[in-house]
Protein chains: 2
Amino acid sequence: MKLTFQDYISIKIHKTDLLLTSFIKARFEPYNLAPEQNLILMLLWEHDGLTQNQLVEKLEKDKTNIARMASSLERKGFIKRIQCPEDRRSVRLYLTKRGQELGSSIIPIAEEFNEIVCRGISEDELFELERLLAKIRENVQNSLN
Amino acid sequence: MKLTFQDYISIKIHKTDLLLTSFIKARFEPYNLAPEQNLILMLLWEHDGLTQNQLVEKLEKDKTNIARMASSLERKGFIKRIQCPEDRRSVRLYLTKRGQELGSSIIPIAEEFNEIVCRGISEDELFELERLLAKIRENVQNSLN
DNA sequence: GCTATTAAGTTGTTATAGCAACCAAAAGGG
DNA sequence: CCCTTTTGGTTGCTATAACAACTTAATAGC
């Protein structure tokens, strides 16, 4: 039995990720909200007025990506970006009324999404899946050194 | 125990995918080869002269992505794109000498990459991981209807 | 207090991904 | 044989991701 690159676990993870992303993207589409930008709103709904840098740390994303997502969220009218008076390098993100209201529509969709994804998968299986993904990340990170 | 969106399995799959992608990207960097473009070359090394449309089917990617990756591979001098005489709509991709030679450097890296990723994971665990990922894809696809 | 370093954001570039609209060639139906 | 439909590719646009280079503001060392 020949193992082609198509069988590589990394390819399967990638394809799964793409499918998940396009699925949630379609669900959010009616609200003019992109999936990753949603993560920023999720954090702002919990705690309004975070700086971009705080979002970089919480979401573990590149600062350039956060900046562009924030800029897009502002263009769409979901947030306002205000320069922080205590540290004028920083920018704080504040929800607009529209941004606040969006939560009541989006959060149920996110929860339903997670429910659909996990359907028919037991707690133990889910833990095992998470454990194996963590093992893979660990393998990669170890070989970076 | 509160479940925040950060705990969603989809987020963990996404982060794992990003880490895998950036890892293999760094490995291929010295050869001026991007990870997804590598998949096209992998198929051409097995069977030179495939059309873009055949690659679309084999890689299950959008035709626009294949077209742009092919165009990039041509700019980099790894392939030539030749209009198919039998069907003048089609474009066949042919490896250049450089493209052919690249295989002997790249294939071992891809195999080592897979070995690193799977390190410390048993056959059974790997199957279980693949099974659960397939289950998730199935869940998503079922709810698309 | 001045200078060197660090930190927060921005801009530019490349790669990936997906959608819509389009063009040209091929295939089908009468 | 002509007209309609389908098919293979391209172009344009948006979103995500990562890296490099840059600006400005804050901080540290002296």
Side-chain angles (χ1 to χ4, degrees), chain A residues 10-11 13-29 31-40 50-57 59-76 81-93 144, chain B residues 10-11 14-29 31-41 50-76 78 81-93 144:
Chain A
S10 54
I11 301 275
I13 291 171
H14 186 56
K15 289 211 174 295
T16 306
D17 182 38
L18 289 180
L19 188 61
L20 287 168
T21 301
S22 76
F23 181 61
I24 192 63
K25 188 180 167 199
R27 292 275 169 133
F28 284 158
E29 189 104 294
Y31 302 91
N32 191 25
L33 182 61
E36 297 294 329
Q37 290 172 26
N38 165 61
L39 300 183
I40 292 181
L50 294 170
T51 66
Q52 291 190 182
N53 201 47
Q54 287 173 313
L55 291 167
V56 165
E57 283 159 13
L59 295 176
E60 296 173 279
K61 288 181 186 292
D62 192 278
K63 57 187 176 172
T64 62
N65 300 326
I66 296 292
R68 283 172 178 131
M69 288 192 275
S71 152
S72 173
L73 283 169
E74 189 173 43
R75 268 200 313 279
K76 291 173 179 173
R81 302 204 293 167
I82 314 245
Q83 198 188 41
C84 189
E86 312 95 66
D87 184 341
R88 281 167 34 228
R89 293 170 304 179
S90 295
V91 178
R92 288 195 185 279
L93 309 188
L144 285 175
Chain B
S10 53
I11 301 275
H14 186 56
K15 288 210 175 297
T16 306
D17 183 37
L18 288 180
L19 188 61
L20 288 169
T21 301
S22 76
F23 181 60
I24 191 63
K25 188 180 165 199
R27 292 275 169 133
F28 285 159
E29 189 104 294
Y31 302 92
N32 191 25
L33 182 60
E36 298 295 328
Q37 291 171 25
N38 165 61
L39 300 183
I40 292 182
L41 292 190
L50 294 170
T51 66
Q52 289 190 184
N53 201 47
Q54 288 173 313
L55 292 167
V56 164
E57 283 159 14
K58 283 175 192 283
L59 295 176
E60 297 173 281
K61 288 180 184 294
D62 191 278
K63 57 186 177 173
T64 61
N65 299 327
I66 296 293
R68 283 173 178 130
M69 288 192 276
S71 152
S72 173
L73 283 169
E74 188 172 44
R75 268 199 314 279
K76 290 173 180 173
F78 297 136
R81 302 204 292 168
I82 314 245
Q83 197 187 39
C84 190
E86 313 96 65
D87 183 341
R88 280 165 35 226
R89 293 170 304 179
S90 294
V91 178
R92 288 194 184 279
L93 309 188
L144 285 175

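The model shown is predicted, which means the values in this text are computed figures rather than measured ones. Note on naming: letters A, B, ... go to the chains in the order of the sequence lines (proteins, then strands), and numbering restarts at 1 for each one.
- In this structure, OG in B/Ser72 is found 8.0 Å from CG in B/Asn32, a value given to the nearest 0.5 Å.
- Formation of a donor-acceptor pair under 3.5 Å by the B/Thr21 side chain with backbone atoms of B/Asp17 is found in this model.
- If you measure from atom CD of A/Gln52 to atom C1' of C/dT10, you get 9 Å, rounded to the nearest angstrom.
- Using a 4.0 Å cut-off between a side-chain N of Lys or Arg and a carboxylate O of Asp or Glu, A/Arg68 and A/Glu36 do not qualify as a salt bridge.
- Of the side-chain N and O atoms in A/Gln83, none sit less than 4.0 angstrom from OP1 or OP2 of D/dA25.
- The CG-C1' distance, from A/Leu18 to D/dT16, rounds to 11 Å in whole Å.
- Nearest-nucleotide mapping onto DNA chain D: of A/Cys84 and B/Val91, the residue sitting toward the 5' end is B/Val91.
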Each nucleotide N or O in nucleotides 1-4 of chain C that has a protein N or O under 3.5 Å away: list the pair and distance.
none

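- Phosphate contact (OP1/OP2 of D/dT16, side-chain N/O of A/Lys61, threshold under 4.0 Å): absent.
- Each of A/Ile66, A/Leu50, A/Leu73, A/Leu55 was evaluated against A/Leu93; a single residue qualifies, A/Leu55, per the side chain to side chain contact (heavy atoms under 4.5 Å, CB included) test.
- At a non-hydrogen distance threshold of 4.0 Å, A/Thr64, A/Asn65, A/Arg68, A/Met69 from residues 63-73 of chain A come into contact with DNA chain D.
- Residue A/Arg81 has a polar side-chain atom (N or O) positioned under 4.0 Å from OP1 or OP2 of C/dT10.
- Residues B/Gln54 and B/Thr51 come closest through the heavy atom pair OE1-N, 2.8 Å.
- One distance of note links CG of A/Leu18 with NE2 of B/His14; it measures 9.5 Å at 0.5 Å rounding.
- If you check every strand for non-hydrogen atoms under 4.0 Å, B/Lys15 touches nothing.
- Summarising the geometry, atom OH belonging to B/Tyr31 is positioned 13.5 Å from atom CG belonging to B/Leu41; distances are rounded to the nearest 0.5 Å.
- Within the 4.0 angstrom heavy-atom criterion, only backbone atoms of the sugar-phosphate kind lie near B/Ser90; the bases stay farther away.
- Taking side-chain N and O atoms only, B/Arg89 has no distance below 4.0 Å to OP1 or OP2 of C/dA26.
- Going from atom CG of B/Asp87 over to atom P of C/dC23 covers 19 Å, rounded to whole Å.
- Each of B/Gln37 and B/Glu86 lies near DNA chain C, and the nucleotide nearest B/Gln37 is the one positioned closer to the 5' end.
- Atom CG of B/Asn38 and atom C1' of C/dA15 are 14 Å apart (whole Å).
- In this structure, CZ of A/Phe28 is placed 17 Å from P of C/dC19, rounded to the nearest angstrom.
- The distance between atom CG of A/Leu59 and atom P of C/dG9, rounded to the nearest whole Å, is 13 Å.
- In the set D/dA15, C/dA15, C/dG9, the nucleotide with an atom closest to the side chain of A/Lys76 is D/dA15.
- Here the shortest heavy-atom pairing between B/Lys63 and B/Val56 reads CA-CG2, 3.6 Å.
- The two residues B/Lys76 and B/Ala34 make their nearest non-hydrogen contact at NZ-N, 4.0 Å.
- Nucleic acid contact for B/Asn53: sugar-phosphate only, since backbone atoms but no base atoms lie under 4.0 Å from a heavy atom of the residue.
- Going from atom OG of A/Ser71 over to atom CD of A/Gln37 covers 9.0 Å, rounded to the nearest 0.5 Å.
- When each of A/Ser22 and A/Asp62 is assigned the nucleotide of DNA chain C bearing its nearest heavy atom, the one mapping closer to the 5' terminus is A/Asp62.
- Spacing between atom CG of A/Leu55 and atom P of C/dA8 amounts to 13 Å, rounded to whole angstrom units.
- A straight line from CD1 of A/Ile24 to C1' of D/dT16 spans 15 Å, rounded to a whole angstrom.
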